[in-house]
Amino acid sequence: MLDINLLRNHFEEVEKALASRNEEFDLSRFHELDETRRNLLAEVEALKNKKNVASREVGVRKKNGQDCADIFEEMKELSAVIKEYDAKVSEADAALQEYMLTLPNIPNPTVPQGKSDEDNVEIRRYGEPTAFAFEPKAHWDLGAALGILDPETAAKITGTRFHVYRGPGARLERAITNFFLDTHTEKHGYTEVFPPFMVSRDSMTGTGQLPKFEEDAYKVTGDGKEYFLVPTAEVPVTNMYRNQILSGSDLPIMHCAYTACFRAEAGSAGRDTRGLIRQHQFNKVELVKFTRPEQSYDELEKLTRDAEDVLQMLGLPYRVVKICMGDLGFTAAMKYDIEVWMPSYGRYVEISSCSNFEEFQARRANIKYRDNVKEKARYVHTLNGSGVAVGRTTAAILENFQQEDGSVVIPEVLRPYMGMDVIPAK
RNA sequence: GGAGAUGUACUCAAGUGGUCGUAAGAGGUCGCACUCGAAAUGCGAUAGGUCCGCAAGGGCGCGUGGGUUCGACUCCCACCAUCUCCGCCA
């Protein structure tokens, strides 16, 4: 959510800053909604003041044993009017609030101009695209040949865009997950949390998935309650601190978390239909930080490096791109994508997104900090990034480390977790 | 599933229908004394959400939402959360 005072006092700048975003929103309604609310508020507050003054008078008169009938008469009427006004105010309040939730974040000035992902700017590369002395297979063909990836059975028990992993495939997914978590906790200093996979509507709103992207989320009901399956651990982990004032000495707070992630992928019909790249349910280890505003861009660099590090340790070639205006998500002020080399696609494929949301989520979720109780609390900056997507890592390992005979060599660092050096061909 | 209790500022906590929520008290924070230094102790000081307003000032805020009343932290109802006991299941 944007700072409402920024819109009031620097409307043109905001308008300009949001102009190159590839999002639909309507700034023109702001002034009307804001003024309606403020005018109503001024009126009702004047009435309430009158009521409070009269109430105090009653207290005084009662003490002196005086009669209050005239005040009661007058107040009875006034109370009814106030009640009407209150209803109007909360209506205007809700309208403004709802509207504010539809406005995207203001991009950082250093975000490159551009319309689509084709305009993202490559920052650096690690390794070279894997060269093969034979015709490499796609991971879905490899997975089928090795008997470790089974989308057909998943389709039978659930539907499309799901996978059953079998034997070494299941083990590989689990090995990668544990390797990521261990590395981020032991080497990079994150504190692991294991949150619920279902969250409330408030949590989804706090991180910005709602109200705009409801069609992308899975809703679960039962016991008369409504929950959402987490689309990313960002949601439960960021909301751990919702409505809290953190102590400045605790910052930066750094968490890593494994969750399954659930996405409806509405609007992606026909894309990436084969393999592990685009699933309704996938595994991910997420990195989440809460920082002081002045630290957040340094912390974004570090977070991105932490995500890159696990790919380096695995020996996977990747590149880092800086996301341009048109491709920046609704909530991010700046974002880097890490893209792993995927031989079957013949290009780099996103495996991590690392974003600084600045105050945008903190404002929605009401997360503040201060160093001393005497200080006014300020919004923290929130950041997160995949560290990294597990399913896509499985795909990348299968493809990049496949051998001519159809076997797959397990990266050194995973072997302790895998209990084997190579997934043998059948 | 049954019975009961609790929910007030960063934390603990007093307050049971009226003019005290910049809310008693305490922790906390800061200063001074004591001390080689620290702890402990004593004395003193200090701050405390949010919205409207240029300001003066005002509104709201006692888990959330309703209701009763001229007036609600205080009474009633619903919901949420936490705790205790019983039952049930591992």
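Just so it is clear: chains get the letters A, B, ... in the order the sequence lines come, proteins before strands, and each one is counted from 1.
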| Counting just side-chain N and O atoms, does A:Arg38 come under 4.0 Å of either OP1 or OP2 of B:rG53? | yes
| Nearest atoms (heavy-atom pairs only) where A:Leu2 meets A:Leu18 | CD1-CD1, 4.3 Å
| task | Take atom C1' in B:rU46 and the same atom in B:rC85, then report the distance between them in whole Å. | result | 45 Å
| message | Can you tell me whether the base of B:rG18 sits syn or anti, using the 90° cut around 0 to define syn? | response | anti
| How close or far is atom P of B:rC60 from atom OH of A:Tyr85, stated in whole angstroms? | 16 Å
| request: List the atom of A:Gly147, the atom of A:Lys426, and the distance in Å for their closest heavy-atom pair. | output: CA-NZ, 4.3 Å
| Rounded to the nearest Å, what distance is computed from the CG atom of residue A:Asp34 to the C1' atom of nucleotide B:rC51? | 12 Å
| said: Would you measure the distance from the P atom in B:rU22 across to the matching atom in B:rU29 and give it in whole Å? | reply: 26 Å
| said: If you compare every side-chain N and O of A:Lys62 against the phosphate oxygens of B:rG18 (OP1, OP2), does one of them come in below 4.0 Å? | reply: no
| request: Please report, rounded to the nearest Å, how far the C1' atom of B:rU50 is from the CG atom of A:Leu41. | output: 12 Å
| Between the side chains of A:Asp202 and A:Thr205, is a donor N or O closer than 3.5 angstrom to an acceptor N or O? | no
| said: On RNA chain B, compare the nucleotides closest to A:Val60 and A:Lys76; which residue's is nearer the 5' end? | reply: A:Val60
| Rounded to the Å, how far apart are A:Arg61 CZ and B:rG17 P? | 23 Å
| What do you reckon, is CD of A:Glu77 surrounded by more than 12 foreign heavy atoms closer than 6.0 Å? | no
| Which value, in whole Å, describes the distance between the C1' atoms of nucleotides B:rU74 and B:rC83? | 23 Å
| said: Between B:rC86 and B:rU16, how far apart are the two P atoms, rounded to whole Å? | reply: 33 Å
| query | So with a 6.0 Å cut-off around CD of A:Glu91, is the heavy-atom count from everything else above 12? | reply | no
| field | Contact under 4.0 Å: A:Arg8 side-chain N or O vs B:rC52 OP1/OP2 | value | yes
| task | Identify the residue among A:Glu358, A:Lys289, A:His381 that makes a side chain to side chain donor-acceptor pair (under 3.5 Å) with A:Ser296. | result | A:His381
| query | Do any side-chain nitrogens or oxygens of A:Asn52 fall under 4.0 Å of OP1 or OP2 in B:rG59? | reply | yes
| task | Considering only atom C1', compute the distance from B:rG21 to B:rA14 and round it to an integer number of Å. | result | 13 Å
| Rounded P spacing from B:rU8 to B:rG63 in Å | 6 Å
| Most 5' of A:Ile245 and A:Val58 on RNA chain B, judged by nearest nucleotide | A:Ile245
| Atom pair distance, as rounded to whole Å: CD in A:Glu45 and P in B:rG57 | 16 Å
| message | For the residue pair A:Lys368 and A:Tyr379, would you count it as a cation-pi contact if the rule is NZ or CZ under 6.0 angstrom from the ring centre and within 45 degrees of the ring axis? | response | yes
| request: Quick one: closest heavy-atom pair of A:Gln361 and A:Phe357, and the distance? | output: OE1-CD1, 3.3 Å
| field | Whole-Å C1' distance, B:rA72 and B:rG18 | value | 10 Å
| In whole Å, what is the span from the CD1 atom of A:Ile71 to the C1' atom of B:rU19? | 11 Å
| Between A:Lys368 and B:rG48, is there a side-chain N or O to OP1/OP2 distance below 4.0 Å? | no
| Pair partner, B:rC30 [Watson-Crick or wobble, under 3.5 Å] | B:rG44
| Looking across every strand, which nucleic acid part, if any, lies under 4.0 Å from A:Lys50 by heavy atom: base, sugar-phosphate, or nothing? | nothing
| request: Please tell me which of the listed nucleotides, B:rG67, B:rC70, B:rC80, lies nearest to the side chain of A:Met75? | output: B:rC70
| Under-4.0 Å side-chain N/O to phosphate OP1/OP2 contact, A:Arg56 with B:rG18 | no
| said: Counting only Watson-Crick pairs (N1-N3 plus N6-O4 or O6-N4) and G-U wobbles (N1-O2, O6-N3), all under 3.5 Å, who is the partner of B:rA81? | reply: B:rU6
| remark: Across every strand shown, the nucleotide meeting Watson-Crick or G-U wobble geometry with B:rG1 (both distances under 3.5 Å) is B:rC86
| message | Which nucleotide wins on minimum distance to the side chain of A:Arg37, given the candidates B:rC52, B:rU19, B:rC60? | response | B:rC52
| field | Identity of whatever pairs with B:rU35 - Watson-Crick or G-U, under 3.5 angstrom | value | none
| message | Roughly how many Å apart are B:rG15 and B:rC70, using the P atom of each and rounding to a whole number? | response | 29 Å
| Can you tell me how far P of B:rG59 sits from CG of A:Leu78, to the nearest Å? | 13 Å
| request: Please give the nucleotide sitting opposite B:rU68 as a Watson-Crick or G-U wobble pair, both distances under 3.5 Å, or none. | output: none
| query | Can you tell me the Watson-Crick or wobble partner of B:rU19, both distances under 3.5 angstrom? | reply | none
| To the nearest angstrom, how far is A:Arg378 atom CZ from B:rG48 atom C1'? | 18 Å
| note | Mate of B:rG53 across any strand shown (Watson-Crick or G-U wobble, both atom pairs under 3.5 Å) is none
| request: Counting heavy atoms from C-beta on, name the nucleotide in B:rC10, B:rG71, B:rG67 closest to the side chain of A:Ser55. | output: B:rG71
| task | Tell me whether the OP1 or OP2 atom of B:rU69 has a side-chain N or O from A:Ser79 closer than 4.0 Å. | result | no
